[in-house]
S.K.: 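First the structure, then my questions, so here it is.
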Amino acid sequence: MKMSSFLYGVFSKSAACLFLFVGFLCHSANSSDATWDVLVFSQQWPTTTCVEWKEKMARHTCMLPLARSIWTVHGVWPSKLHSFGPFFCHSPLHFNMSQLQGIEPQLLAYWTNIENGTSTYDFWKHEWKKHGKCALSLPALDSELKYFEQALTWAKQYNMADVLGRAGVIPNTQGYLGQDVWTAVKGVLGTDSVVHCVTDKEGEAYLAEVRICFNKSLELTDCDGIAGVATHTNCPPDKRALYPGPSALAPGPGEPLRAPWLLGLLRGLQLLHWATL
Ligand SMILES: *[C@@H]1O[C@H](CO)[C@@H](O)[C@H](O)[C@H]1NC(C)=O
Ligand SMILES: *[C@@H]1O[C@H](CO)[C@@H](O)[C@H](O)[C@H]1NC(C)=O
Ligand SMILES: *[C@@H]1O[C@H](CO)[C@@H](O)[C@H](O)[C@H]1NC(C)=O
Ligand SMILES: *[C@@H]1O[C@H](CO)[C@@H](O)[C@H](O)[C@H]1NC(C)=O
């Protein structure tokens, strides 16, 4: 989820503290301390992102990736174990779209801004400002181009559609227990992931993101130890999370879009910390 625009420009350390309300989070928002342990690679399921976007406002439309069946990149987040961030690290390397010209078509395909009407560049710029600059300390990621290229490499190599598909977890109408999705990732990749759900007001859960982690050699590693993730998933333990196929978004002939499960998909939900990632 991208931060809404009003927060976008003003997310200073103090704004972060106000926003997050939790003192210990503010400590790690100290951007002069840019050390971190792992890279969290977060992929999102575009259909769920679209559902959330439409829920926010009826007139919202989505820009789904051309390849309808893939998961797309949310971001690559350098993270300290047992803590949050760092975020918004200082660097003179401001986001510069010309650096990415050569890979822009691939970014559009794999790092798609689902939220039509908002700027695609702003999505990338936000991720760069908040996370990418913190990754610069690693030689393998010490430029904007390297950072975005790495995400593309992982999006292809570890696309969640493939990873989950290999374990038989595919979009359907029944959905899955978050723990079963986690087990599927573990079975295919061998490492501990984070399976992230969003839940609507009626308590209907949707599979939203799967996060896998890499160490500083850019090799898969367990996500265990990431703050806020005491368990492997925030999905309901006893109730399936929906994993709707993109066709669930298609309006019927001559009808406006009004899938019942679109209604009531919350806002305030996961808003705490990850909401702004
Ligand atoms: C931020 O971090 C630096 C270095 O870790 C420390 O010297 C400074 O006191 C911290 N500032 C705040 C406000 O926590
Ligand atoms: C952005 O990158 C281009 C291409 O490398 C470079 O020519 C230009 O000076 C950069 N702009 C800024 C503001 O750094
Ligand atoms: C995206 O939004 C524009 C208007 O902002 C609209 O013309 C276009 O049809 C939308 N695209 C999709 C795929 O809905
Ligand atoms: C990353 O993980 C690989 C495989 O477990 C290991 O060989 C390598 O030493 C690790 N690198 C770092 C920097 O921890």
Side-chain angles (χ1 to χ4, degrees), residues 2 4-5 34-41 46-70 72 76-82 90-104 107-109 111-125 128-129 132-150 153-154 157-158 185-186 188-193 211-226 246-252 254-259 262:
K2 280 176 298 141
S4 51
S5 52
T35 59
W36 48 271
D37 302 304
V38 298
L39 292 159
V40 179
F41 175 55
T47 307
T48 298
T49 309
C50 178
V51 167
E52 291 186 272
W53 178 236
K54 284 170 176 289
E55 244 292 312
K56 283 183 183 157
M57 216 175 273
R59 63 174 172 78
H60 280 168
T61 57
C62 302
M63 204 68 101
L64 293 171
L66 280 176
R68 286 298 164 91
S69 58
I70 65 167
T72 52
V76 175
W77 307 327
S79 299
K80 269 195 240 287
L81 297 177
H82 313 295
H90 289 298
S91 158
L93 293 184
H94 298 302
F95 183 79
N96 180 348
M97 193 54 219
S98 358
Q99 306 280 330
L100 305 180
Q101 256 162 14
I103 59 168
E104 186 174 354
L107 288 173
L108 287 168
W111 200 327
T112 315
N113 182 4
I114 309 295
E115 302 178 354
N116 186 32
T118 62
S119 160
T120 292
Y121 292 175
D122 280 352
F123 182 22
W124 300 333
K125 183 177 176 180
W128 172 251
K129 280 174 65 172
K133 282 177 164 191
C134 298
L136 286 165
S137 53
L138 194 68
L141 299 177
D142 64 3
S143 76
E144 190 186 322
L145 182 60
K146 286 184 188 174
Y147 175 79
F148 283 90
E149 275 182 329
Q150 187 59 56
T153 299
W154 285 336
Q157 190 174 356
Y158 300 109
V185 177
K186 177 80 171 180
V188 174
L189 298 182
T191 52
D192 297 353
S193 63
R211 298 167 184 150
I212 58 177
C213 295
F214 293 86
N215 69 14
K216 289 187 171 181
S217 312
L218 306 182
E219 302 214 45
L220 277 170
T221 193
D222 291 334
C223 288
D224 297 353
I226 297 176
S247 58
L249 295 168
E255 269 190 83
L257 180 67
R258 54 180 177 77
L262 280 181

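Note that ligands are numbered from 1 as they come in the structure, with each ligand's atoms numbered from 1 the same way.
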S.K.: Give the minimum heavy-atom separation between W36 and S137, together with the two atoms involved.
M.R.: NE1-OG, 3.3 Å

S.K.: Nearest heavy atom to atom 1 (C) of ligand 2 wins, so pick from L145, N96, L100, L93.
M.R.: N96

S.K.: Answer yes or no: is there a side-chain heavy-atom contact under 4.5 Å between F148 and E104?
M.R.: no

S.K.: Testing the basics here: between M97 and E144, what is the closest heavy-atom pair and its distance to 0.1 Å?
M.R.: N-OE2, 4.3 Å

S.K.: Could you give me the CA-CA distance, side-chain angles and deciding distance for Y147 and Q99, then say whether side-chain contact (heavy atoms from CB on, under 4.5 Å) is met?
M.R.: CA-CA 11 Å; Y147 175 79; Q99 306 280 330; over 6 Å; no

S.K.: Is atom 14 (O) of ligand 2 close to the protein, meaning a heavy atom under 4.0 Å from it?
M.R.: yes

S.K.: Regarding ligand 4, does S217 bring an N or O atom to under 3.5 Å of one of the ligand's N or O atoms?
M.R.: yes

S.K.: Among protein heavy atoms, which sits nearest to atom 4 (C) of ligand 3, and what does the distance come to when rounded to 0.1 Å?
M.R.: N116 ND2, 4.7 Å

S.K.: Ignoring hydrogens, tell whether any protein atom lies closer than 4.0 Å to atom 7 (O) of ligand 2; use the non-hydrogen atoms only.
M.R.: no

S.K.: So how far is it from L138 CG to L218 CG, rounded to the nearest 0.5 Å?
M.R.: 6.0 Å

S.K.: Numbering the atoms of ligand 3 from 1, which are under 4.0 Å from a heavy atom of T61?
M.R.: 1 (C), 2 (O), 10 (C), 14 (O)

S.K.: Measure across S143 and L136 and return the closest heavy-atom pair with its distance rounded to 0.1 Å.
M.R.: N-CD2, 3.7 Å

S.K.: Any chance you could measure L108, atom CG, to T112, atom OG1, to the nearest 0.5 Å?
M.R.: 7.0 Å

S.K.: Under 4.0 Å and counting heavy atoms only, is there anything from the protein next to atom 10 (C) of ligand 3?
M.R.: yes

S.K.: From atom 12 (C) of ligand 4, work out which of L220, N215, T191 has a heavy atom at the shortest distance.
M.R.: N215

S.K.: Starting from atom 5 (O) of ligand 2, locate the nearest protein heavy atom and write down its residue, its atom name and how far away it is, to 0.1 Å.
M.R.: Q99 NE2, 3.1 Å

